[in-house]
Amino acid sequence: MSTSAHGKTPYYYVPQPSRHPAMMALGLFFVILGAGQWINGVEWGMWSLYFGLAWVAVVLFQWFRDAVHESESGQYGRKIDLSYRWSMSWFIFSEVMFFGAFFTALWWMRSHSVPSLAGAENALLWPDFKGVWPSAAAGVTASPGGIVEPFDTMTPFWLPTINTALLLTSGVTLTIAHHALRENHRGKTLAFMWATVLLGIVFLFVQGYEYVHAYRDLNLKLTSGAYGSTFFMLTGFHGFHVLVGMLMLLFITLRLMKGHFTPERHFGFEGAAWYWHFVDVVWLGLYVLVYWF
């Protein structure tokens, strides 16, 4: 284990062997085991899943607590700062590829799969099918044999538009908070950080209400054909990322209240801000491609 000699920051801090990776692997084992058993009708699978999630949450808390202590004790120098920046950059790049795969699936179904099903070679199998997107237009069957119930599509007014305004506003408040931190105006930083966290929470509640509206009033479900599956997969995964980003910003705000971060050294803040702006950009793509077209 590298340590600070005479109060100086080490060139590259190497922590002592840690139990956290092994404990995280153990928790994830119970998560996967429980999820697999639960969806196959095994009753104890639910409890295994919940136990694993609780275990993972405790490990993450301890792991992040140790990392914060190492940072605040002066162990992290320029090399560690660069490592964190590159790590966060590659993580966000992997998220770009993740959502890129779902956007590509949406494009492929709209541009290739649905028109192909409407071709002459499928006319005998599915004579009433029309190659339109989404497959909920008047006189159009959503599935052969009627296995998909009729549904209405989600329009951009007004819930998705309200959520767009919420996320765009949160991007502005976060940027103001960042500039305030760089100018060492901690009171202003905290005020706009709490505003950003609140906007993220409101977004999640609005999206939850949108899902209730979809299921109850539109009969739009995950099983509503290709449209329903892509709609809920894209918006659901994005909502999960909003939840993660909101928690990141919440923890950063709590650290700010404890006096952590300086105008010169605050990559924890910047990393969370990068992630939040990425979430904003993904939502703009969703808003245009899922709700408008």
Side-chain angles (χ1 to χ4, degrees), residues 1-32 51-98 170 174-175 177-182 184 186 189-190 192-194 196-197 200-201 240-279:
M1 171 181 176
S2 299
T3 58
S4 264
H6 306 294
K8 295 182 179 179
T9 302
Y11 179 74
Y12 196 96
Y13 176 70
V14 180
Q16 63 182 352
S18 172
R19 70 181 187 280
H20 299 317
M23 293 296 100
M24 177 63 71
L26 181 61
L28 291 176
F29 168 78
F30 283 106
V31 169
I32 300 301
F51 172 77
L53 290 174
W55 186 283
V56 167
V58 171
V59 173
L60 285 176
F61 173 80
Q62 295 176 345
W63 203 340
F64 290 164
R65 180 191 59 190
D66 291 347
V68 169
H69 174 73
E70 292 165 357
S71 175
E72 292 301 310
S73 62
Q75 300 292 343
Y76 292 171
R78 178 176 175 274
K79 290 294 183 180
I80 295 295
D81 183 75
L82 289 175
S83 294
Y84 276 132
R85 291 178 184 275
W86 275 109
S87 299
M88 194 64 187
S89 298
W90 282 114
F91 172 67
I92 292 177
F93 176 76
S94 72
E95 295 283 53
V96 170
M97 294 296 101
F98 176 84
S170 71
L174 180 59
T175 301
H178 188 195
H179 284 282
L181 177 60
R182 295 176 63 180
N184 203 25
R186 300 190 74 86
T189 302
L190 283 169
F192 279 95
M193 283 298 291
W194 279 118
T196 306
V197 171
I201 294 173
F240 174 75
H241 283 71
V242 171
L243 173 63
V244 172
M246 182 274 295
L247 292 175
M248 292 169 64
L249 294 175
L250 174 62
F251 296 146
I252 292 299
T253 305
L254 295 176
R255 289 188 61 188
L256 282 165
M257 294 182 68
K258 290 186 175 183
H260 296 184
F261 305 122
T262 66
E264 296 79 21
R265 295 176 59 86
H266 53 266
F267 178 70
F269 184 107
E270 290 180 324
W274 291 0
Y275 189 83
W276 192 254
H277 290 310
F278 160 75
V279 168

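Nearest heavy-atom pair across Thr253 and Leu190 is O-CD2, 3.7 Å. Smallest separation of non-hydrogen atoms from Val197 and Met246: O-CG, 3.9 Å. Closest heavy-atom contact between Ala272 and Leu249: CB-CD2, 3.9 Å. The two residues Ser89 and Trp274 come nearest to each other via the heavy atoms OG-CZ3, 3.7 Å. Smallest separation of non-hydrogen atoms from Tyr12 and Ser83: OH-OG, 3.1 Å. Between His20 and Asp66 the shortest heavy-atom distance is NE2-OD2, 2.7 Å.
To the nearest 0.5 Å, atom CG of residue Leu174 and atom CD1 of residue Ile252 are 10.5 Å apart. Considering CG of Leu250 and CE of Met193, their distance stands at 8.5 Å, rounded to 0.5 Å. For the atom pair Tyr13 OH and Ser71 OG, the distance stands at 11.0 Å (nearest 0.5 Å). The distance from the CE atom of Met23 to the CH2 atom of Trp63 is 11.0 Å, given to the nearest 0.5 Å. In this structure, CG on Leu247 lies 8.5 Å from CD1 on Ile201, to the nearest 0.5 angstrom. Summarising the geometry, atom CZ belonging to Arg65 is positioned 6.0 Å from atom CZ belonging to Phe61; distances are rounded to the nearest 0.5 Å.
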Please report, to 0.1 Å, the donor-acceptor pairs under 3.5 Å made by any side chain of residues 264-271, with sequence neighbours excluded.
unit_1	atom_1	unit_2	atom_2	d
Arg265	NH2	Tyr76	O	2.7
His266	ND1	Thr262	O	2.9
His266	ND1	Pro263	O	3.3
His266	NE2	His178	NE2	3.3
Glu270	OE1	Arg85	NH1	3.1
Glu270	OE1	Arg85	NH2	2.9

Intermediate values then yes/no, ring pair (Phe, Tyr, Trp, His ring centres under 6.0 Å), Trp55 and Phe51: CA-CA 6 Å; Trp55 186 283; Phe51 172 77; 5.6 Å; yes
Check against side-chain contact (heavy atoms from CB on, under 4.5 Å), Val59 and Leu26: CA-CA 10 Å; Val59 173; Leu26 181 61; over 6 Å; no
Derivation of the side-chain contact (heavy atoms from CB on, under 4.5 Å) call for Thr175 and His277: CA-CA 9 Å; Thr175 301; His277 290 310; 3.6 Å; yes
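Using modelled atom types, one finds a donor on one side chain and an acceptor on the other under 3.5 Å when comparing Ser170 with Trp276.
Within a 6.0 Å sphere centred on CZ of Arg78, heavy atoms belonging to other residues, nucleotides or ligands number 12 at most. The neighbour count for Phe98 CZ, taken as heavy atoms of other residues, nucleotides or ligands under 6.0 Å away, is above 12.
Counting heavy atoms from C-beta outward, Met257 and Trp194 have side chains that approach closer than 4.5 Å. Within the 4.5 Å cutoff, the side chain of Phe261 has no heavy atoms near those of the Thr189 side chain.
Classified by interplanar angle (parallel below 30°, tilted 30° to 60°, perpendicular above 60°), the ring pair Phe93/Trp90 is perpendicular.
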